[in-house]
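Down below is the structure, laid out as structure tokens.
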Amino acid sequence: MSSEVAGDAVAAGGARYRREEVARAAGVKVRNLRYYQERGLLPPPRREGRIAWYSDDHLARLRLIDDLLGRGYTVNGIAELLTAWEQGGGIAQLLGLRREMTRDWVQEEPVTMGLAELRELFGPAATSQDTRRAAALEYVRVDGDTVTFPSRRLLEATLTLLRQGVPLAEILDAGGFVHAQAAALADRFVALFRRHVIGPEGLEQLSATQLDHIAEAAAALRPVAGEVVAAEFARAMARRVEAEVAALLRTEQ
DNA sequence: ATTCTTACA
DNA sequence: TGTAAGGA
């Protein structure tokens with residue numbers, strides 16, 4: 001309906017949005033645009049007669065505000081952070097860093113199906129208690145009568161184990177264990193990054209060039225955590241399986 | 001008529 | 001944060 005004149009507006013990266021458009025794109029309510037603006041969180045839009053035009057900068061900023069709010073920051077707290085970053089001149093770099101650091105960690109397509117399809121896949125193996133546990137682990141979401149698995153890989157792994165005769169309850173036990181261990185590993189890597197790449201001062205004190213440097217480091221280190229875990233896990237499995245096979249062969253004799 | 005602001009609950 | 005009323 002309200003598509004822009006294709007061309008310069010979008011191609012130049014200078015997309016303009018009306019109030020409703022930014023609000024929808026950022027997932028905030030139109031009412032709050034004005035509120036954030038009054039509290040100094042959001043720069044005023046460019047005015048053209050009666051209509052207010054918002055830019056990509058406004059959009060990125062709104063997403064950041066919404067995210068920070070969701071993490072429990074107060075409006076005043078966010079205003080302080082924002083002004084501190086602005087005075088350091090690093091607001092653009094900060095938004096870029098945020099994008100770099102949160103990009104591509106999860107690259108999976110969710111799988112959606114109906115309840116009937118779910119029962120067909122899992123058969124009588126799935127009790128409602130299993131479903132609750134799976135939901136608690138965020139392996140599955142149930143809204144109404146549609147079921148969504150955020151990770152196709154985990155769904156397929158579960159089905160493979162099931163077909164090989166592993167009881168669903170025990171798959172979920174193992175899943176919960178892996179889930180927790182993965183969270184601990186992620187905590188560990190993030191803490192390392194926080195301590196040695198970002199440093200003790202936090203992002204607020206950093207200059208624009210320092211933020212650029214951190215974004216580079218984030219890009220360079222992104223694959224490292226996964227590689228380390230994969231390598232160590234492969235080595236552990238090799239040793240463990242070898243020991244298991246040796247034990248089996250001994251008892252056969 | 002539409003878009004945005006003001007003001008109040 | 002919702003919304004009724006009014007300015008442009």
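Below, chains carry the letters A, B, ... as their sequence lines are ordered, and counting in each starts from 1.
Of the residues in residues 35-46 of chain A, not one comes within less than 4.0 Å of DNA chain B through any heavy atom.
By the side-chain hydrogen bond (donor to acceptor under 3.5 Å, both in side chains) test, A:D130 pairs with A:T127, sequence neighbours left out.
Between A:E108 and A:R152 there is no salt bridge, since no side-chain N of the basic residue sits under 4.0 Å from a carboxylate O of the acidic one.
Applying the salt bridge (charged side-chain N to carboxylate O under 4.0 Å, His left out) test to every pair with at least one member in residues 176-187 of chain A, sequence neighbours left out, gives no pairs at all. Pairs of residues two or more places apart, or lying in two chains, never qualify as salt bridge (charged side-chain N to carboxylate O under 4.0 Å, His left out) while including a residue from residues 114-129 of chain A.
Across the protein-nucleic acid pair, A:Y54 atom OH and B:dT3 atom C1' stand 11 Å apart, rounded to whole Å. Computed from coordinates, the A:R19 CZ to B:dT3 C1' distance equals 8 Å when rounded to whole Å. As a whole-Å value, the separation of A:L33 CG from B:dC4 P is 10 Å. To the nearest angstrom, P of B:dA9 lies 14 Å from CZ of A:R31.
Counting heavy-atom neighbours within 6.0 Å of A:E20 CD, excluding the residue itself, gives a total of 12 or less. Within 6.0 Å of the NE2 atom in A:H179, the count of heavy atoms belonging to other residues, nucleotides or ligands exceeds 12.
Considering every non-hydrogen atom in both A:F193 and A:A217, the closest pair reads CE1-C, 4.3 Å. In terms of heavy atoms, A:L33 sits closest to A:L42 at O-CD2, 4.1 Å.
Considering A:L154, A:T158, A:L118 in turn, A:L118 is the only one that fulfils the side-chain contact (heavy atoms from CB on, under 4.5 Å) rule with A:F149.
Of the possible donor and acceptor atoms, one in the side chain of A:E21 sits under 3.5 Å from a partner among the backbone N and O of A:R18. Formation of a donor-acceptor pair under 3.5 Å by the A:Y139 side chain with backbone atoms of A:G175 is found in this model.
Within the 4.0 Å cut-off from OP1 or OP2 of C:dT1, not a single side-chain nitrogen or oxygen of A:K29 is found.
With distances taken from any side-chain atom of A:R18 to the nucleotides B:dC8, B:dC4, B:dT3, the minimum falls on B:dT3.
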Anything under 3.5 Å between a protein N or O and an N or O of nucleotides 6-8 of chain C, put it in a table, one pair a line.
{"residue": "C:dA8", "atom": "N3", "partner": "A:R50", "partner atom": "NE", "Å": "3.3"}

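In secondary-structure terms, DNA chain B builds stems of at least 3 consecutive Watson-Crick or G-U pairs, each pair having both distances under 3.5 Å, at B:4-9 with C:1-6.
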